[in-house]
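Predicted model, so just to flag it, every value in this text is computed and none were measured.
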Amino acid sequence: MKRITFTLLAGLILLMGCDNKHSDIRNTPKEAKKCIITKYYEPLQHNGELICGKELDDAASLPDMTYYDEYNNLLLRVILESNAAIRYHYLDPSKKLNDFILIETGDGESKGKIEYIRNEHNKLIEIKHSGETFSLGSDPVKYVYNDKGERKEAHYKNYYILMNSLPSANGQEVRSYKEIKPSCKYSYNGTSGLTEEGTEIFDDNDLLQRKIIEHYDYGHLHSVEDYIITYNENGEPLKEEMNGKTAAHYYGGYDVGMSEEEIEKWTIQNYYSPPKYKKIGHIKEWRYNEKGDVISYMFTSLDWSTYTKWEINEFLSEEYEYEYNEKGDWIKQITYAHKDIKYDSLDIRQREYEERQPRRITMREIVYY
């Protein structure tokens with residue numbers, strides 16, 4: 001075992017593994033090759049440098065301990081504050097084939113399990129949930145295949161999806177699907193309960209190149225989304241561009257005292273008689289460093305007031321700086337607001353940093369086995 005930067009990590013791992021108040025799912029997995037403790041801090045400027053301020057523990061910044069195998073599969077995650085644990089087991093780690101997942105709350109009172117059932121060809125035919133799973137990973141579902149081994153149906157609790165492979169062209173595979181909700185009383189183009197329909201185009205590396213989705217509501221076409229995605233030579237996304245139209249971003253304006261039947265009638269009359277579509281769209285862009293880590297993410301979208309002006313989403317658009325250890329794993333990440341974000345006015349925090357506003361410092365302590 002080789003220690004990296006921090007001395008308390010081994011003690012924490014030992015403490016977790018020896019906690020006899022819980023089941024053994026928190027024990028260090030025997031196949032583990034790496035353990036990472038991740039913590040998040042508010043950035044603090046001191047003597048011209050950014051240092052770690054108070055520790056963050058919001059929903060997006062939960063400190064945790066994670067273990068990975070030689071294929072970089074996640075084996076175990078322990079939330080440090082609550083001691084809740086999630087243990088991942090694989091049928092074939094080299095192919096990333098899941099076997100089952102065990103979940104346990106910090107007090108050990110609530111437990112759950114997700115099972116991945118496969119046929120003799122290792123095709124996934126069912127995902128089963130038992131106990132408290134908190135919808136982790138995937139909803140319960142059953143899959144149906146044709147004689148060629150192609151997935152044709154997916155059955156969920158309240159809806160099912162019908163899938164079909166279309167004639168391919170220029171080395172690209174074309175797939176289509178329909179999402180049907182039996183409880184829906186409306187139909188569209190003769191299909192009862194149709195809520196969504198889509199076409200997907202994949203290249204010869206099975207990378208999604210384009211996806212066209214149509215959403216239906218109250219028996220009408222609600223929205224269309226047309227996605228085009230490009231990748232770099234490593235198969236990492238560089239740009240996702242979506243253009244489309246919608247009858248409404250959300251339904252509103254009806255009397256809060258209306259019954260469900262009255263709301264339904266009001267919505268149809270005001271949004272679909274006839275539909276008045278507005279343009280929608282977004283652009284996502286990624287940049288990477290030589291190690292393959294994201295150094296910039298930009299999310300731009302059409303604003304909902306004019307539907308003509310493109311705006312950078314200041315909450316989602318970020319840039320990242322890293323420090324690495326001798327094995328090439330990053331041990332420190334500073335998250336900044338994207339440099340292209342333009343503020344209407346500068347508050348005290350923004351004036352303090354002038355060039356870029358730091359949002360978060362992430363520290364990772366790593367042990368190798």
**Report entry** Counterpart residues, salt bridge (charged side-chain N to carboxylate O under 4.0 Å, His left out), relative to Lys34 (two or more places apart)
**Finding:** Asp329
Query - Spacing of CG belonging to Leu162 relative to CG belonging to Leu194, to within rounding of 0.5 Å - result: 9.5 Å
Report summary line: residues 267-284 vs salt bridge (charged side-chain N to carboxylate O under 4.0 Å, His left out), sequence neighbours excluded, gives Glu240-Lys284
Requested in this report: Group every Ile, Leu, Val, Met, Phe, Trp and Tyr by side-chain heavy-atom contacts under 4.5 Å, then state whether Ile213 and Leu166 land in the same group.
Outcome: no
Report task. Please answer whether the main-chain N or O of Gln172 pairs with a side-chain N or O of Asn170 as donor and acceptor at a distance below 3.5 Å. Result -> no
Report task. Any salt bridge (charged side-chain N to carboxylate O under 4.0 Å, His left out) involving residues 223-236? Give me the pairs, sequence neighbours left out, ordered by first then second residue. Result -> Arg210-Asp226
Query raised in the report: Tell me, do Tyr231 and Leu238 make a side-chain contact under 4.5 Å, heavy atoms counted?
Result: no
Query raised in the report: Does the side chain of Tyr88 reach to within under 4.5 Å of the side chain of Tyr67, using non-hydrogen atoms?
Result: no
Requested in this report: Could I get the full list of side chain to side chain contact (heavy atoms under 4.5 Å, CB included) partners for Asn289, not counting sequence neighbours?
Outcome: Lys291, Asp293, Ile295, Tyr322, Tyr324
Query raised in the report: With a 4.0 Å cut-off, would you call Glu200 and Lys211 a salt bridge?
Result: yes
Report summary line: Applied to residues 46-69, the salt bridge (charged side-chain N to carboxylate O under 4.0 Å, His left out) test, sequence neighbours excluded, yields Asp64-Arg77
Query raised in the report: Does the pair Lys33 and Glu70 meet the rule for a salt bridge (Lys or Arg N to Asp or Glu O under 4.0 Å), with working shown?
Result: CA-CA 6 Å; Lys33 296 299 181 183; Glu70 61 181 305; 5.8 Å; no
Query - Test log, rule side chain to side chain donor-acceptor pair (under 3.5 Å), inputs Thr300 and His282 - result: CA-CA 5 Å; Thr300 309; His282 72 236; over 6 Å; no
In a table with atom names and distances, give each donor-acceptor pair under 3.5 Å that connects a side chain of residues 176-185 to protein atoms at least two apart or in another chain.
unit_1: Tyr177; atom_1: OH; unit_2: Glu196; atom_2: OE2; d: 2.6
unit_1: Glu179; atom_1: OE2; unit_2: Thr195; atom_2: OG1; d: 3.1
unit_1: Lys185; atom_1: NZ; unit_2: Glu264; atom_2: OE2; d: 3.0

Query raised in the report: Passes side chain to side chain contact (heavy atoms under 4.5 Å, CB included), Lys152 versus Tyr145? Steps please.
Result: CA-CA 5 Å; Lys152 306 303 291 184; Tyr145 296 82; 5.8 Å; no
Query raised in the report: Between Asn189 and Thr191, do the side chains contain an N or O donor and an N or O acceptor separated by less than 3.5 Å?
Result: no
Requested in this report: Apply side chain to side chain contact (heavy atoms under 4.5 Å, CB included) to the pair Ile86 and Ile101, showing each step before the final yes or no.
Outcome: CA-CA 7 Å; Ile86 308 167; Ile101 300 173; 3.6 Å; yes
Query raised in the report: Is any side-chain heavy atom of Ile117 less than 4.5 Å from a side-chain heavy atom of Ile127?
Result: no
Report task. Sequence neighbours left out, what passes side chain to side chain contact (heavy atoms under 4.5 Å, CB included) with Ser110? Give chain and number order. Result -> Thr105, Glu132, Phe134
Requested in this report: Could you give me the CA-CA distance, side-chain angles and deciding distance for Met242 and Ile280, then say whether side chain to side chain contact (heavy atoms under 4.5 Å, CB included) is met?
Outcome: CA-CA 8 Å; Met242 186 276 285; Ile280 57 174; 4.2 Å; yes
Report task. Working to the nearest 0.5 Å, report the span between NE2 of His46 and CD1 of Ile51. Result -> 5.5 Å
Query raised in the report: Do Trp330 and Met363 sit in the same hydrophobic cluster, where Ile, Leu, Val, Met, Phe, Trp and Tyr count as joined when their side-chain heavy atoms come under 4.5 Å apart?
Result: no
Requested in this report: Keeping the roles fixed (side chain from Asn205, backbone from Leu207), state whether a donor-acceptor pair exists under 3.5 Å.
Outcome: no
Query raised in the report: Quick one: does Thr133's side chain have a donor or acceptor within less than 3.5 Å of a partner on His129's backbone?
Result: no
**Report entry** Side-chain donor-acceptor contact under 3.5 Å, Asp217 with Tyr251
**Finding:** yes
Requested in this report: For atom NZ of Lys142, decide whether the heavy atoms of other residues, nucleotides or ligands shown that lie under 6.0 angstrom number more than 12.
Outcome: no
Query raised in the report: How many angstroms lie between CG in Asp24 and CG in Leu102, if you round to the nearest 0.5 Å?
Result: 9.0 Å
Query raised in the report: Are Tyr227 and Ile212 close enough that some pair of their side-chain heavy atoms sits under 4.5 Å apart?
Result: no
Query raised in the report: Going from CG on Asp204 to CD on Gln209, what distance comes out if it is rounded to the nearest 0.5 angstrom?
Result: 9.0 Å
**Report entry** Donor-acceptor under 3.5 Å (Glu262 side chain, Ser259 main chain)
**Finding:** yes
Query raised in the report: Does the side chain of Val144 reach to within under 4.5 Å of the side chain of His155, using non-hydrogen atoms?
Result: yes
Requested in this report: Indicate whether any N or O donor in one side chain lies under 3.5 Å from an N or O acceptor in the other, for His222 and Tyr271.
Outcome: no
Query - Salt-bridge contact Glu31-Arg87 (side-chain N to carboxylate O under 4.0 Å) - result: yes
Query raised in the report: Given the rule that I, L, V, M, F, W and Y join up when any side-chain heavy atoms are under 4.5 Å apart, are Met65 and Leu74 in one cluster?
Result: yes
Query - Leu91: hydrophobic cluster co-members (side-chain, 4.5 Å) - result: Leu97
Query raised in the report: Judged by atom type as modelled, is there a donor-acceptor pair below 3.5 Å linking the side chain of Tyr320 to the main-chain atoms of Tyr297?
Result: no
Query raised in the report: Can you find a side-chain donor-acceptor pair between Tyr188 and Glu197 that sits under 3.5 Å?
Result: no
Query raised in the report: Should Ile229 and Val174 be regarded as members of a common hydrophobic cluster, given that ILVMFWY residues are connected when their side-chain heavy atoms come within less than 4.5 Å of each other, either directly or indirectly?
Result: no
**Report entry** Backbone of Val294 reached by a side-chain donor or acceptor of Arg287 within 3.5 Å
**Finding:** no
Requested in this report: Find the distance between CD1 (Ile283) and CG (Leu302) and round it off to the nearest 0.5 Å.
Outcome: 8.5 Å
Requested in this report: Please write out which residues are connected to Leu56 in a hydrophobic cluster, directly or through intermediates, given that two of Ile, Leu, Val, Met, Phe, Trp, Tyr count as joined at side-chain heavy-atom separations below 4.5 angstrom.
Outcome: Tyr40
Query raised in the report: Ile201 versus Leu208: any side-chain heavy-atom pair under 4.5 Å?
Result: no
Requested in this report: Would you please test Tyr68 and Asn73 for side chain to side chain contact (heavy atoms under 4.5 Å, CB included) and show each step?
Outcome: CA-CA 5 Å; Tyr68 298 85; Asn73 295 312; over 6 Å; no
Query - For Asp206, salt bridge (charged side-chain N to carboxylate O under 4.0 Å, His left out) partners two or more places apart - result: Arg175
Query - Side-chain donor or acceptor of Lys96 paired with backbone N/O of Tyr71 under 3.5 Å - result: yes
Requested in this report: Quick one: pull up SG in Cys35 and CD1 in Ile366 and give me the separation to the nearest 0.5 Å.
Outcome: 9.5 Å
Query raised in the report: Do Glu318 and Arg359 sit within salt-bridge range, that is, some charged N less than 4.0 Å from a carboxylate O?
Result: yes
**Report entry** Under the side chain to side chain contact (heavy atoms under 4.5 Å, CB included) test, residues paired with Ala154 that sit two or more places apart
**Finding:** Val141, Tyr143, Tyr156, Ile161, Met163
**Report entry** Beyond-backbone contact of His220 with Ile268, side-chain heavy atoms, under 4.5 angstrom
**Finding:** yes
Query - Heavy-atom side-chain proximity of Tyr288 to Asn232 below 4.5 angstrom - result: yes
Query raised in the report: Linking Ile, Leu, Val, Met, Phe, Trp and Tyr by side-chain heavy atoms under 4.5 Å, what else ends up with Ile228?
Result: none
